Amino acid sequence: MPFPKGFLWGGATAANQCEGGYDEGGRGLANVDVIPHGSERNDVSRGLRRMLDFEPGYYYPAQTGIDFYHHYREDIALFAEMGFKVFRLSIAWSRIFPNGDEEEPNEAGLAFYEDVFRCCREHGIEPLVTITHFDCPIHLVKKYGAWRNRTLIELYKRLVKVLFNRYRGLVRWWITFNEMNMILHRPFMGAGIVLEPGENAREAEYRAAHNELVASAWATKIAHEVDPENRVGCMLAAGSYYPYSCRPEDVRAAQVKNQEDLFFVDVQARGRYPGYALKMLEREGIDVGMTAEDERILAENTVDFISFSYYSSRCTAGDPDSVGGVAEGNAFAGVENPYVRTSDWGWVIDPLGFRITINDLWDRYQKPLFVVENGLGAYDEVLPDGTIEDDYRIAYLREHIEAMRDAIEQDGVEMLGYTTWGPIDLVSAGSGEMEKRYGFIYVDRDNLGNGTLERRRKKSFYWYQQAIATNGGDL
Ligand code: P53
């Protein structure tokens with residue numbers, strides 16, 4: 001068996017992309033609710049266009065998502081049918097604290113997730129819970145400027161104390177923040193940051209990052225105090241940068257871009273700011289507001305495991321203009337790599353890059369790795385007989401699982417598990433589309449919210465079922 005016994009196979013979702021029920025159960029509004037579908041999504045996500053409430057003339061896909069809020073029993077039963085050992089999902093902060101700064105939590109929100117977790121356990125599925133997957137109560141955005149304000153550290157501590165106590169014994173695997181490095185690319189989507197005219201964006205982003213890093217360390221400490229069985233991880237939008245060529249300038253450029261991402265894991269896994277980051281902040285005149293207590297908390301509360309998403313490798317050059325310029329394949333812009341394929345959305349497809357990225361993370365940190373997102377966003381067609389033949393998705397996943405198997409079997413990397421992104425079709429974070437589908441389960445809903453929401457098994461559903469049943473032996 002190439003995969004270790006007890007390897008955690010499953011799938012991953014996020015509240016803002018599937019739950020819906022945005023105004024039910026006492027839930028408050030969040031940044032993720034007011035990011036529209038369509039041409040302005042990018043500017044709103046980047047914090048360049050202020051939209052802090054629903055505006056007429058826009059469609060907001062998070063309002064309904066795929067209505068997981070009302071379908072979770074059916075959806076979790078389908079995951080169980082595929083043999084999932086783990087299901088990654090996130091908590092909507094504004095269900096627990098609708099404004100974010102109340103003294104007491106909202107019982108209806110707590111009860112909802114308790115039921116979801118119990119439902120997982122009844123099916124023998126371990127919940128893996130992301131505490132914050134991009135969402136921030138809109139009240140905290142308006143009142144405090146979201147994560148650029150240190151008050152959010154205290155409010156996040158309040159949130160996690162409630163969660164760890166309430167779900168003690170029910171949830172053991174926790175991720176504090178999804179893709180913290182997204183702050184540098186999508187500051188509003190990632191951390192509720194709306195940039196003020198003339199504001200130093202880098203300073204706002206690194207302050208937000210610092211506050212999240214400190215909040216994450218506090219959460220790790222509290223999780224371990226409440227239950228020593230808790231395992232807490234960081235989460236990186238990973239995908240190593242390649243140098244465009246062996247020109248030393250290209251190699252150096254790739255090194256610098258990799259450091260920009262790995263900074264977050266360096267702090268969370270090693271417990272202190274790396275020298276290159278301290279020097280960069282000093283050069284740019286950025287003060288993140290580090291206190292003596294922050295330093296201590298960061299040092300004493302490093303993560304138990306390192307989780308990450310991998311979709312693509314990245315490529316960069318010392319002089320991008322000389323090799324075709326910087327193109328936006330996804331949120332991580334780079335120069336074009338002539339040796340790789342791309343998806344319908346222009347995302348690089350590079351299974352060997354997955355093995356390379358896994359090794360880069362393992363070599364640097366020597367902590368167990370958990371792949372918590374990987375997958376292919378693609379158009380699917382429902383054939384007249386009702387089937388969906390998504391062989392392209394099967395091919396992508398097969399090649400990536402094989403690359404991960406090589407990392408374990410041949411490179412000796414310690415891996416805890418693998419959850420594909422969007423095991424059931426859900427709303428795309430980048431584009432707000434429904435028709436960028438990742439699922440093994442098709443959901444009848446289109447980009448503008450039309451459809452019955454009916455669930456339907458794709459061909460890949462049976463393929464993944466077999467892959468899990470054989471612990472990755474039959475791909
Ligand atoms: P979508 C870009 C690049 C890498 C990871 O993305 C990213 C993004 C965001 O576009 O985010 C993660 O839906 C994220 C998920 C997201 C998924 O990748 O744009 O954690 O919320 O849905 C896929 O295709």
Side-chain angles (χ1 to χ4, degrees), residues 11-19 30-33 35-38 41-46 61-62 65-66 68 88-92 128-136 175-191 233-241 257 260-261 264 307-315 327-334 342-350 353-354 357 370-380 393 396-397 400 419-439 443 445 447:
T13 62
N16 75 85
Q17 290 165 259
C18 70
E19 245 177 42
N31 60 334
V32 288
D33 298 325
I35 305 181
H37 166 75
R41 185 176 183 87
N42 229 340
D43 278 356
V44 174
S45 296
R46 287 172 185 266
I66 56 162
F68 178 79
R88 174 179 178 230
L89 73 165
S90 83
I91 298 238
L128 164 59
V129 176
T130 314
I131 297 167
T132 296
H133 192 121
F134 296 155
D135 63 313
C136 179
I175 291 169
T176 52
F177 290 89
N178 184 64
E179 296 184 342
M180 234 192 249
N181 51 331
M182 197 58 84
I183 295 175
L184 303 177
H185 306 276
R186 298 283 184 274
F188 182 69
M189 185 176 79
C234 56
M235 201 290 194
L236 179 76
S240 293
Y241 277 92
K257 288 301 284 179
E260 182 181 283
D261 289 326
F264 297 87
S307 80
F308 62 98
S309 60
Y310 176 86
Y311 295 90
S312 306
S313 59
R314 298 161 187 159
C315 188
E328 179 122 5
N330 61 30
F332 294 77
T342 56
S343 76
D344 291 342
W345 273 264
W347 289 32
V348 162
I349 299 176
D350 178 12
F354 191 24
T357 298
F370 206 141
V371 179
V372 296
E373 288 183 31
N374 174 238
L376 178 71
Y379 292 106
D380 287 330
R393 183 170 294 108
Y396 178 101
L397 293 170
H400 283 77
T419 60
T420 64
W421 177 250
I424 181 165
D425 294 344
L426 37 64
V427 176
S428 158
S431 72
E433 291 163 294
M434 197 53 228
E435 288 162 23
K436 186 181 184 187
R437 299 177 182 276
Y438 286 87
V443 177
R445 191 168 181 80
N447 286 344

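From a predicted model like this one, the values you see are computed outputs, not experimental measurements. FYI, the numbering just counts along the sequence from 1. Order of listing sets the numbers, starting from 1, for every ligand and every atom in it.
Residues T130 and R88 have side chains that bring a donor and an acceptor to within less than 3.5 angstrom of each other. A donor and an acceptor atom, one from each side chain of E373 and Y311, are located under 3.5 Å apart.
When all heavy atoms are compared, the tightest approach of A429 to F134 is CB-CE1, 4.4 Å. When all heavy atoms of I35 and P61 are compared, the pair lying nearest together is O-CD, 4.0 Å.
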Show the distances, to 0.1 Å, for all pairs joining an N/O atom of ligand 1 and a protein N/O atom that are shorter than 3.5 Å, listing one pair per line.
unit_1   : atom_1 : unit_2 : atom_2 : d
ligand 1 : 11 (O) : E179   : OE1    : 2.9
ligand 1 : 13 (O) : S428   : OG     : 3.2
ligand 1 : 13 (O) : A429   : N      : 2.7
ligand 1 : 18 (O) : Y311   : OH     : 3.3
ligand 1 : 18 (O) : E373   : OE1    : 3.2
ligand 1 : 19 (O) : S428   : OG     : 3.3
ligand 1 : 19 (O) : G430   : N      : 2.8
ligand 1 : 20 (O) : H133   : NE2    : 3.4
ligand 1 : 20 (O) : N178   : ND2    : 3.0
ligand 1 : 20 (O) : E179   : OE1    : 3.3
ligand 1 : 20 (O) : E179   : OE2    : 3.4
ligand 1 : 20 (O) : E373   : OE1    : 3.1
ligand 1 : 20 (O) : E373   : OE2    : 2.7
ligand 1 : 21 (O) : Q17    : OE1    : 2.8
ligand 1 : 21 (O) : H133   : NE2    : 2.8
ligand 1 : 22 (O) : Q17    : NE2    : 2.8
ligand 1 : 22 (O) : W421   : NE1    : 3.3
ligand 1 : 24 (O) : K436   : NZ     : 2.7
ligand 1 : 24 (O) : Y438   : OH     : 2.5

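Ionic pairing of R314 and E260 is not present here: no N-O contact between side-chain nitrogen and carboxylate oxygen is shorter than 4.0 angstrom.
Residues Y310 and W421 place their aromatic rings such that the two centres sit no closer than 6.0 Å.
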